[in-house]
Structure formats: C-alpha cells, structure tokens
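Here is the structure we will look at, set down as structure tokens.
Letters A, B, ... mirror the listed sequences (proteins, then strands); counts begin at 1.
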Protein chains: 2
Amino acid sequence: MEEKSISDIIEEYLKQILGESSQIEIRRSEIANHFDVVPSQINYVIKTRFTIQHGYLVQSKRGGGGYIRIERVNLLDNVDVLNSLIQAIGDSLSERDAYDIIRTLYDEKVLTRREGDLMLVALSKQTLNVNDSNAESRLRARILISMLNRLRYES
Amino acid sequence: MEEKSISDIIEEYLKQILGESSQIEIRRSEIANHFDVVPSQINYVIKTRFTIQHGYLVQSKRGGGGYIRIERVNLLDNVDVLNSLIQAIGDSLSERDAYDIIRTLYDEKVLTRREGDLMLVALSKQTLNVNDSNAESRLRARILISMLNRLRYES
DNA sequence: TTTCATTTGACTAATTTTGACCAAATTTTA
DNA sequence: TAAAATTTGGTCAAAATTAGTCAAATGAAA
C-alpha cells in the first residue's frame, strides 16, 4: 500500500472537483480547515501539483471575498516549436533576433500578423528604453519567453 | 466568476442597471442602505470597479438632489476616451491597472483573447522582473502605450 | 547517512469593510 | 438676501479578512 501524504490527498480532492467543472474556486482557509492543515500547505500543494507544466492555471485574490481559482488548460500542438525557440533564446536577445523569431512564428502560422506586430513593438529598443544594453537584451528575452510560454496553452 | 464580496455584488447590481441604459444616476445613501453597508463603500466600489480603465466615466453632485452618475463609454469609436486612457496611464502603470485596461479592451472587442493574454504576460511583474518598483511601473507604462499606439494606427 | 519532499508557523501583502471627519450644494429661516 | 441648517457626496486611515512567502523542523526515500 502506498502511504499517501496529506498533500497527495488534498491534490486528489481538488482534482476530483476539477473533474466536474474545468475551473474551481476555493477558500484557502476552508480547505486547510477541512484537512486540518495550516493554510500555507494549500499553497504548497498548488505550487508542486498545479503548475502550468501540469496543465493548470492558478489565480487568486486576497482580502474579503478572497479565493484561489484553479483552471485546467489545454496544451496546444505547437508546443515543440515553441519549446525549441525558448531554448534557443536563452537569457539574452537582440532586437534583430526577436524579429526573426516572430517572423518565423508568423510564417509557421503560429501567430497572426497583429499578434506579431504587438509583440514586436513590445520588444523594440525604443519601447524598452533601458540604459544598459545587456540589461535590455535580458529583459527582451524574458518578455519574449513569457509570451511564447503563454502560447503553449489555451484556457 | 463567483461573486463573493459585497463590493462584487454591488458592482454586479450597478452593471445590471447599466445594461439597460448606458448611463445611470444613483443616490449613494440609497444604494448603501439597500445593501446594508456604509455609504463610503459605494465610493470604494466605484473607485475600484468603475474607472476609466474599466470603461466608465463617473460624475457626481452633492447637496440636496445630489447624485452619482455612472456612464459606460465606448473606447472603440471615441478617440477622446482612448486618449484619456493613454493619458491616465501616464508614465507609470501598476499590474492591476494594466489588467483592467486590457480586460476592457477585450470586452470592447478591440482585442482578441489571445492578444490580451499575450499583452498581460508581457506586462506581468514576474516577466519584467525589475529591481526598482518605480522603474518597473514606468517600463510597464511604456510597453502598454507602445502596444496601444500600434493598435491605434493600424491600417 | 544524505538528500529531497512535506509540514508548520511567523511574518508579509493585498483587498475589503467601516467610521470619523470634510466639503459642497440646496433649502430654510431670520 | 445672508446666515444657518440640512442634505448630499468625498476622503482617508484603521480594522478586518483573505492569500503569499520563506525558512526551519520534520519525515521519507535513496
């Protein structure tokens, strides 16, 4: 018999509810109370078992009426292309390389013209306007990678 | 979305009335009384949910016969409103305000879902990852304004 | 034993709710 | 008409209500 940790049990519980609707909203303290654990354990479960790599999107709100929302998302077909591009970018990216990548994605019909244009202006030297040229390239890389990661799935 | 806080419920109520006519006039104390909250909570709801970033204009008058007027404005074909939006961004923009603006543009069908999502991740705190919080907000403002202008002057 | 995962709790951050006090416009009264 | 009273809405900050972070302690596995 496998000895399940309480984290495993909470994961199972959440996934069971997620089986009924593709999106759930929970109150952290309620779940914590239900399983008799400290509230931060819910964060632990989410961080280790409901990541985007697992196919889940998580959003939350604090304060009165606060919640944690977990949504199951569909991974798309282009994942391989995107992954290899993300690898190639690394942690630094020139404006020219950004253009080439976006152009490629447009040619591959991963992006529409408008999407590509929006991405390009966001990555332009003029927009970023960072003093240090290395910092600028690193920032450009971070932004493009984030956008490519976003393209890997849909809600 | 599950509405939970009383502020959410008041927001929903006002938007429902706004669905019938594009402009409403309310008496603050009446609404407060109706939902059994202090009057200033109405100000809170308006300040957090009916800003120009959300696509609303608010005017009010004090004294006898006083009112709060909320008007739904159209960002699509009203150049002035779009300008005031860009002006409201100024040179600094929080992640929350960015979300509100992009959400509004999506609701107005200026953006597709995918375009909005791409813009949001590009503007997220995590992506920008700037040490100085002021610098981060200024960068966020530059990027969003660039993207908005790109949409604006599109052929 | 060493390493990795889980559990806990103290501290932090964001959002909403409440109430005391302020300001403006109108109405009443002198 | 001028002052006073009344009727509205505005501001701001404290309190209350959620969730997030991080690292120490504990447990499990290799």
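Taking a 4.0 Å limit (strictly below) on heavy-atom distances, residues 45-64 of chain A reaches DNA chain D at A/S60, A/K61, A/R62, A/G63, A/G64. Of the residues in residues 30-40 of chain B, B/V38, B/S40 come within less than 4.0 Å of DNA chain C through at least one heavy atom, sorted by number. For the contact set between residues 120-129 of chain B and DNA chain D, defined by any heavy atom under 4.0 Å, there are no members.
Within the structure, every pair that satisfies the side-chain hydrogen bond (donor to acceptor under 3.5 Å, both in side chains) test and touches residues 44-53 of chain A, not counting sequence neighbours, is listed here: A/D8-A/R49, A/E11-A/R49, A/T51-A/Q53, A/T51-A/H54.
With a 6.0 Å radius and a threshold of 12 heavy atoms from other residues, nucleotides or ligands, B/Y106 has its OH atom at or below the threshold. Within 6.0 Å of CD in A/Q126 there are 12 or fewer heavy atoms belonging to other residues, nucleotides or ligands.
In this structure, the CD atom of A/Q41 is 18 Å from the P atom of D/dC22, given to the nearest Å. The nearest whole Å value for the distance from the OH atom in A/Y67 to the P atom in D/dG20 is 11 Å. For the pair B/D8 CG and D/dT18 P, the computed distance is 12 Å after rounding to whole Å.
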Return all side-chain donor-acceptor pairs below 3.5 angstrom for residues 144-154 of chain A, not counting sequence neighbours, or 'none' if the list is empty.
{"residue": "A/S146", "atom": "OG", "partner": "A/R142", "partner atom": "O", "Å": "3.1"}
{"residue": "A/S146", "atom": "OG", "partner": "B/T127", "partner atom": "OG1", "Å": "2.7"}
{"residue": "A/N149", "atom": "ND2", "partner": "A/I145", "partner atom": "O", "Å": "3.3"}
{"residue": "A/R150", "atom": "NE", "partner": "A/Y153", "partner atom": "OH", "Å": "3.4"}
{"residue": "A/R150", "atom": "NH1", "partner": "A/Y153", "partner atom": "O", "Å": "3.2"}
{"residue": "A/R150", "atom": "NH2", "partner": "B/D117", "partner atom": "OD2", "Å": "2.5"}
{"residue": "A/R152", "atom": "NE", "partner": "A/N83", "partner atom": "OD1", "Å": "3.1"}

Using a 3.5 Å cut-off and no angle test, enumerate the donor-acceptor pairs between side-chain atoms of residues 21-28 of chain B and protein atoms at least two apart in sequence or in another chain.
{"residue": "B/S21", "atom": "OG", "partner": "B/Q23", "partner atom": "O", "Å": "3.1"}
{"residue": "B/E25", "atom": "OE2", "partner": "B/R69", "partner atom": "NE", "Å": "3.1"}
{"residue": "B/E25", "atom": "OE2", "partner": "B/R69", "partner atom": "NH2", "Å": "3.1"}
{"residue": "B/R27", "atom": "NH2", "partner": "B/G66", "partner atom": "O", "Å": "3.3"}
{"residue": "B/R28", "atom": "NH1", "partner": "B/N43", "partner atom": "OD1", "Å": "2.6"}

Donor-acceptor pairs are to be reported for all side-chain atoms of residues 35-42 of chain B against protein atoms at under 3.5 Å, with residues two or more places apart or in another chain.
{"residue": "B/Q41", "atom": "NE2", "partner": "B/S7", "partner atom": "OG", "Å": "2.9"}

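No hydrogens or angles were tested; on distance alone, a donor-acceptor pair under 3.5 Å links the side chain of B/R28 to the base of D/dG10.
Residue B/I42 is classed as having no contact, given no heavy-atom separation below 4.0 Å to the nucleic acid. Using a 4.0 Å heavy-atom cutoff across all strands shown, B/Y44 reaches at least one base atom of the nucleic acid.
Contacts of A/K125 classified as side-chain hydrogen bond (donor to acceptor under 3.5 Å, both in side chains), with partners at least two apart in sequence or in another chain: A/E136. Looking at residues two or more places apart in sequence or on another chain, you find a side-chain hydrogen bond (donor to acceptor under 3.5 Å, both in side chains) between A/E12 and A/K4. B/D107 pairs by the side-chain hydrogen bond (donor to acceptor under 3.5 Å, both in side chains) definition with B/R103, not counting sequence neighbours. Qualifying side-chain hydrogen bond (donor to acceptor under 3.5 Å, both in side chains) partners for B/R62, counting only residues two or more places apart in sequence or in other chains: none.
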Step by step, work out the side chain to side chain contact (heavy atoms under 4.5 Å, CB included) result for B/T104 and B/L85. CA-CA 11 Å; B/T104 299; B/L85 186 58; over 6 Å; no
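In summary, contact between chain B and DNA chain C, defined as any nucleotide atom under 4.0 Å from a heavy atom of the protein, begins and ends at C/dT15 to C/dT26 in the 5' to 3' direction.
Counting heavy atoms from C-beta on, the side chains of A/E115 and A/T112 come closer than 4.5 Å.
Side chains of B/Y56 and B/R72: a donor-acceptor N/O pair is present below 3.5 angstrom, by distance only.
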